[in-house]
Protein chains: 2
Amino acid sequence: MSRADTRMKVFGAAVALIAEQGYSATTVDAIAERAGVAKGTVFYNFGSKEGLFGALLEHSIGKLAEALSEAAVGSTALERLDAVVLGQLRFFEQYGPFARVLLAEMWRTAWQEAVAQLRARALGVYAEVLRQAADSGEVRADLDVETAATAIFGMVLTVSIERRVMHPERLLEETHATLVELLHGRVR
Amino acid sequence: MSRADTRMKVFGAAVALIAEQGYSATTVDAIAERAGVAKGTVFYNFGSKEGLFGALLEHSIGKLAEALSEAAVGSTALERLDAVVLGQLRFFEQYGPFARVLLAEMWRTAWQEAVAQLRARALGVYAEVLRQAADSGEVRADLDVETAATAIFGMVLTVSIERRVMHPERLLEETHATLVELLHGRVR
DNA sequence: CCTCTTGAACTGACCAGTCAGTACAAATTT
DNA sequence: AAATTTGTACTGACTGGTCAGTTCAAGAGG
């Protein structure tokens with residue numbers, strides 16, 4: 001059992017509890033108990049409750065950005081956009097509780113640094129693909145790619161959570177089809 | 001000063017503080033102080049902190065549903081959809097902190113009742129308009145209107161918050177144009 | 001006088017963070 | 001190779017402070 005393993009166990013317990021109850025309603029005692037470590041271990045590894053949460057955000061946002069980057073494949077920019085949407089759905093299928101944490105804590109000023117990372121790295125993948133689509137004439141050249149990136153990211157994030165809460169049995173591909181259809185626009 | 005006025009002052013203070021810090025990090029003492037009211041008054045009017053929050057959600061969700069319903073005007077279903085998006089943007093422009101509270105607490109099981117109201121009344125407006133669009137052939141007849149309604153609602157909610165945090169000076173109409181453009185689909 | 005509000009004092013539960021100590025493996029000394 | 005030291009990871013009882021909720025006596029006002 002390496003130190004890294006301990007940290008991962010604590011991350012897992014923390015993200016699950018914070019998703020259920022929110023950051024400040026979640027006690028370090030509860031996190032330690034769920035992780036199967038002593039309370040002191042949490043402080044030994046992360047220094048403070050805030051330190052733990054900061055490290056958790058950083059780690060998870062890194063994973064998310066990586067997943068979105070890797071998903072962005074396709075011969076046209078708009079194919080890549082659809083692929084990134086699917087990549088985001090798949091990521092939150094796997095790391096479901098993190099979606100809740102992100103949605104709830106994303107805009108809190110206390111975690112500006114993590115939010116900046118999220119904007120630069122995860123939303124950046126959407127912005128980049130949209131910029132390519134604008135350059136190649138696949139969407140209007142004057143589209144506000146930053147706002148559009150936030151919009152799509154928020155849309156997928158919300159739907160990911162709704163899916164887990166309301167329709168956990170439904171195929172991911174059906175949800176993806178609905179979203180892509182919305183973005184492809186109306187059938188005349 | 002009627003009792004209703006007192007309740008509104010407390011709502012205003014509570015929503016502002018909860019938006020900044022989250023529900024459980026917000027103390028009743030702080031809410032009372034910000035509202036300019038004695039702590040005892042809060043308990044006299046709402047019974048408990050949870051009672052206050054429940055009443056706040058119910059009141060605000062009612063306002064939101066009303067605003068979306070009233071906004072849903074236009075000669076075609078898709079015009080009405082665009083109008084509801086604008087209505088939602090305007091609502092959160094006016095009640096900004098409530099957007100944060102809603103996003104953070106929307107999927108928490110503790111407030112199932114309020115969330116059910118939200119789904120039935122606010123998301124219902126989107127679902128209704130989309131259903132009309134499907135019936136009239138303006139979008140594909142087999143569109144999953146529930147998921148699409150959640151998607152659009154979440155998209156607008158996220159963008160509303162991003163606007164307040166990142167671009168408070170920008171015109172609401174520009175943001176609306178970007179979102180409508182996304183939903184209108186790609187220029188060939 | 002009845003409803004509403006005030007503000008202060010109190011209680012008991014709860015919680016972040018501390019710290020002295022354990023376990024143990026690797027390095028160093030004898 | 002046995003004895004000792006060092007460093008790292010972890011432990012859990014304990015502390016000092018905080019907060020929701022209670023109580024209540026004293027107004028305010030209609």
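Labels below follow one simple rule: chain letters A, B, ... track the order of the sequence lines, proteins then strands, and each chain is numbered from 1.
By the 6.0 Å and 45° rule, B/Lys49 stacks over the aromatic ring of B/Tyr23.
One interatomic measurement links the two molecules: CG of B/Leu17 to P of D/dC19, which rounds to 13 Å at whole-angstrom precision. For B/Asp5 and D/dA28, the CG to C1' distance is 16 Å, given to the nearest whole Å. In this structure, B/Asp29 places its CG atom 18 Å from P of D/dG17, rounding to the nearest Å. Distance NZ (B/Lys49) to C1' (D/dT18): 12 Å, rounded to an integer number of Å. Atoms CZ (A/Phe53) and P (C/dG17) sit 14 Å apart, rounded to a whole Å. One interatomic measurement links the two molecules: CZ of A/Phe46 to P of D/dA9, which rounds to 12 Å at whole-angstrom precision.
Between the side chains of B/Ser24 and A/Ser24, at least one donor N or O sits under 3.5 Å from an acceptor N or O.
With respect to the salt-bridge test (charged N to carboxylate O, under 4.0 angstrom), the residues A/Arg119 and B/Glu162 qualify.
Phosphate contact (OP1/OP2 of C/dC4, side-chain N/O of B/Tyr44, threshold under 4.0 Å): present. Taking side-chain N and O atoms only, A/Asn45 has no distance below 4.0 Å to OP1 or OP2 of D/dT8. Note on B/Thr41: a side-chain N or O is less than 4.0 Å away from OP1 or OP2 of C/dT6. Checking the phosphate oxygens (OP1, OP2) of D/dC10, a side-chain nitrogen or oxygen of A/Thr6 falls inside 4.0 Å.
Projected onto DNA chain D by closest heavy-atom contact, B/Val28 and A/Gly40 fall at different nucleotides, the more 5' of which corresponds to A/Gly40.
Residue A/Lys39 places its side chain closer to C/dG17 than to any other of D/dA20, D/dT11, C/dG17.
Residue contacts shown for B/Ser24 are absent, as no nucleic acid heavy atom lies under 4.0 Å away.
A ring-centre distance under 6.0 Å is not found for B/Phe11 and B/Phe53.
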